[in-house]
Undergrad: 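My questions will all concern the structure given below.
Scope of the values below: all heavy atoms of this structure, side chains included, with no hydrogens, waters or symmetry mates. We number each residue from 1, following the sequence as shown.
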Amino acid sequence: MPSMSTLERAVCQSAPWRVFAVRLVLPWALQGVEPRGDVLEIGGGSGAMAAQILEAFPDARVTSTDVDERMVADARVRLESFGDRALVRQASAIDLPFPDESFDMVLSFIMLHHVVEWESALTEALRVLRPGGVLVGYDLLSTLPLRALHRAEGQPFRMMTIEAFGAVLSELPLEQSTVRPGLARFAVRFRLTKQVATS
């Protein structure tokens with residue numbers, strides 16, 4: 001699984017991105033869901049979103065993961081003040097180091113296309129999610145401008161189409177799924193509820 005490019009790392013660590021992410025992107029991405037209990041953020045970067053969640057939702061305990069060592073180091077510094085409500089781990093989204101059904105909620109903010117094997121990341125996120133738990137997030141859709149931008153960065157990526165995303169979701173153990181294209185069809189928001197086993 002690739003690390004961030006130099007440009008992506010610089011953007012994610014910048015003050016303007018943190019302000020934009022916290023004030024606009026996070027409320028839009030959460031879609032009215034209030035994080036509480038044990039929350040996992042996959043591909044959490046420098047911890048900007050996790051910090052805002054911890055600040056805004058006192059009933060949440062957040063584990064933030066990222067594959068990039070430098071992002072993990074930045075997130076540890078940023079989340080240190082939250083004490084035992086915050087944990088930062090280096091981890092690949094396709095091989096999470098957590099037992100089955102460990103989390104009440106999983107968050108994925110604009111990172112699946114970096115995973116390349118984003119289907120595997122969705123499967124892993126659901127594996128560690130408790131029955132009835134929610135996977136919430138958003139990602140970029142495959143469009144010519146976004147593909148060109150990512151090719152210029154020289155990092156591996158694989159963007160999704162709405163059709164491919166829907167086909168993958170139809171194979172997953174979901175009780176309910178809401179998928180909303182947005183931002184002029186440059187992005188997709190999703191809210192996926194894991195199936196509760198019936199006896």
Undergrad: May I have the list of side-chain donor-acceptor pairs in residues 166-177 shorter than 3.5 Å, sequence neighbours left out?
TA:
unit_1	atom_1	unit_2	atom_2	d
Ser170	OG	Ala167	O	2.6
Glu175	OE1	Val196	N	3.1

Undergrad: Filter on salt bridge (charged side-chain N to carboxylate O under 4.0 Å, His left out), then keep only pairs touching residues 82-96, sequence neighbours left out; what's left?
TA: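 Those involving residues 82-96 do not exist here.
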Undergrad: Could I get the full list of side-chain hydrogen bond (donor to acceptor under 3.5 Å, both in side chains) partners for Asp59, not counting sequence neighbours?
TA: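 Result, side-chain hydrogen bond (donor to acceptor under 3.5 Å, both in side chains) vs Asp59: none returned.
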Undergrad: Tell me whether the count of non-hydrogen atoms from other residues, nucleotides or ligands lying under 6.0 Å of CD in Gln195 goes above 12.
TA: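 Yes, the 6.0 Å shell around CD holds more than 12 heavy atoms from other groups.
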Undergrad: Quick check against the 3.5 Å criterion: does Ser108 have a side-chain atom that pairs as donor or acceptor with the backbone of Glu41?
TA: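 Looks like no, no N/O pair under 3.5 Å.
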Undergrad: If we only count heavy atoms from C-beta on, is the Val62 to Pro35 side-chain gap below 4.5 Å?
TA: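 They are not in side-chain contact.
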Undergrad: Going by salt bridge (charged side-chain N to carboxylate O under 4.0 Å, His left out), name the pairs with one or both residues in residues 155-170, residues two or more places apart or in two chains.
TA: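 Listed by first then second residue: Glu119-Arg158.
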Undergrad: Between the side chain of Arg76 and the main-chain N/O of Val88, is any donor-acceptor distance below 3.5 Å?
TA: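 Yes, because the side chain of Arg76 sits within donor-acceptor range (under 3.5 Å) of the backbone of Val88.
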Undergrad: The test is side chain to side chain contact (heavy atoms under 4.5 Å, CB included); show your working for Leu30 and Leu107 and say whether it passes.
TA: CA-CA 9 Å; Leu30 285 176; Leu107 305 173; 4.0 Å; yes
Undergrad: Kindly write out the residues that satisfy ring pair (Phe, Tyr, Trp, His ring centres under 6.0 Å) with Phe165, not counting sequence neighbours, or none if the list is empty.
TA: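 Per chain and number, Phe165 pairs via ring pair (Phe, Tyr, Trp, His ring centres under 6.0 Å) with Phe190.
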Undergrad: Can you list the residues that meet the salt bridge (charged side-chain N to carboxylate O under 4.0 Å, His left out) rule with Asp38, with sequence neighbours excluded?
TA: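 With sequence neighbours excluded, Asp38 shows a salt bridge (charged side-chain N to carboxylate O under 4.0 Å, His left out) to Arg61, Arg130, given in chain and number order.
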Undergrad: Can you list everything that forms a ring pair (Phe, Tyr, Trp, His ring centres under 6.0 Å) with Phe57? Sequence neighbours excluded, please.
TA: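 None.
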Undergrad: Quick check: is Trp28 connected to Val134 through a chain of hydrophobic side chains (ILVMFWY, heavy atoms under 4.5 Å apart)?
TA: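 Hydrophobic grouping puts Val134 with Trp28.
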Undergrad: Just to verify, what does Glu34 make a salt bridge (charged side-chain N to carboxylate O under 4.0 Å, His left out) with, not counting sequence neighbours?
TA: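 For Glu34, the residues satisfying salt bridge (charged side-chain N to carboxylate O under 4.0 Å, His left out) (neighbours in sequence not counted) are Arg36.
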Undergrad: Do side-chain atoms of Asp139 reach the backbone of Met111 as a donor and acceptor pair under 3.5 angstrom?
TA: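 Side chain of Asp139 to backbone of Met111, a donor-acceptor pair under 3.5 Å: yes, one is there.
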Undergrad: Give the cluster check for Val115 versus Ile162: same hydrophobic cluster or not, with ILVMFWY residues linked at side-chain heavy-atom distances below 4.5 Å.
TA: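 Result: yes, single cluster for both.
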Undergrad: Between Asp104 and Gly37, is there a donor-acceptor pair closer than 3.5 Å when you use the side chain of the first and the backbone of the second?
TA: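 Side chain of Asp104 to backbone of Gly37, a donor-acceptor pair under 3.5 Å: no, none is there.
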Undergrad: Could you please spell out the steps behind the side chain to side chain donor-acceptor pair (under 3.5 Å) verdict for Thr143 and Arg185?
TA: CA-CA 8 Å; Thr143 60; Arg185 296 190 68 85; over 6 Å; no
Undergrad: Who passes salt bridge (charged side-chain N to carboxylate O under 4.0 Å, His left out) against Arg127, sequence neighbours left out?
TA: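 If we apply the salt bridge (charged side-chain N to carboxylate O under 4.0 Å, His left out) test to Arg127, skipping adjacent residues, the hits are Asp100, Glu124.
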Undergrad: Roughly how far, to the nearest 0.5 Å, is CD of Glu117 from CD1 of Ile94?
TA: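 Separation between the atoms: 4.0 Å.
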Undergrad: List the steps and the verdict of side chain to side chain contact (heavy atoms under 4.5 Å, CB included) for Tyr138 and Ile110.
TA: CA-CA 6 Å; Tyr138 75 102; Ile110 201 168; 3.6 Å; yes
Undergrad: For the atom pair CD (Glu69) and CG (Asp74), what is the distance rounded to the nearest 0.5 Å?
TA: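 Interatomic distance, Glu69 CD to Asp74 CG, rounded to 0.5 Å: 12.0 Å.
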Undergrad: In this structure, would Phe109 and Val25 fall into the same cluster of hydrophobic residues linked by side-chain contacts under 4.5 Å?
TA: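 Hydrophobic grouping puts Phe109 with Val25.
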Undergrad: Under the side-chain hydrogen bond (donor to acceptor under 3.5 Å, both in side chains) test, which residues partner Ser142, sequence neighbours left out?
TA: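 side-chain hydrogen bond (donor to acceptor under 3.5 Å, both in side chains) check on Ser142 returns Arg147.
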Undergrad: Atom CG in Leu129, atom CD in Glu101: separation rounded to 0.5 Å?
TA: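 If we round to the nearest 0.5 Å, Leu129:CG and Glu101:CD are 8.5 Å apart.
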Undergrad: State, to 0.1 Å, how close Leu54 and Ala60 come at their nearest heavy-atom pair, and which atoms those are.
TA: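 Closest approach of Leu54 to Ala60, heavy atoms only: CD2-O, 3.7 Å.
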Undergrad: Would you mind listing every ring pair (Phe, Tyr, Trp, His ring centres under 6.0 Å) that reaches into residues 62-107, with sequence neighbours excluded?
TA: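 For residues 62-107: Phe98-Phe103.
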Undergrad: Donor-acceptor pair, Lys194 side chain versus Leu126 backbone, under 3.5 Å?
TA: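 Yes, because the side chain of Lys194 sits within donor-acceptor range (under 3.5 Å) of the backbone of Leu126.
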Undergrad: How close do Ser64 and Gly44 get, heavy atom to heavy atom, and via which atoms?
TA: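 Between these two residues, the closest heavy atoms are OG-CA, 3.7 Å.
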Undergrad: Which heavy atom in Gly45 sits nearest to a heavy atom in Asp66, and how many Å separate them?
TA: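 Looking at all heavy atoms of both residues, the closest pair is N-OD2, 2.8 Å.
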Undergrad: Which is it for Leu40 and Ser102 under the side chain to side chain contact (heavy atoms under 4.5 Å, CB included) test, yes or no, and what are the steps along the way?
TA: CA-CA 9 Å; Leu40 172 66; Ser102 298; over 6 Å; no
Undergrad: So which of Val128, Val136, Leu96 actually passes side-chain contact (heavy atoms from CB on, under 4.5 Å) with Val106?
TA: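 Result for side-chain contact (heavy atoms from CB on, under 4.5 Å) with Val106: Val128.
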Undergrad: Residues in side-chain hydrogen bond (donor to acceptor under 3.5 Å, both in side chains) with Gln31, at least two apart?
TA: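 By the side-chain hydrogen bond (donor to acceptor under 3.5 Å, both in side chains) rule, Gln31 matches Arg180.
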Undergrad: Show your reasoning for whether side chain to side chain contact (heavy atoms under 4.5 Å, CB included) applies to Met160 and Leu141.
TA: CA-CA 5 Å; Met160 62 184 68; Leu141 289 172; 4.1 Å; yes
Undergrad: Would you say Phe186 ends up clustered with Leu140 if hydrophobic residues are merged whenever their side chains have heavy atoms under 4.5 Å apart, either directly or through other cluster members?
TA: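 Linked, Leu140 and Phe186 end up in one cluster.
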Undergrad: Measuring from Arg70:CZ to Ser46:OG, what's the distance to the nearest 0.5 Å?
TA: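 It is 13.0 Å, given to the nearest 0.5 Å.
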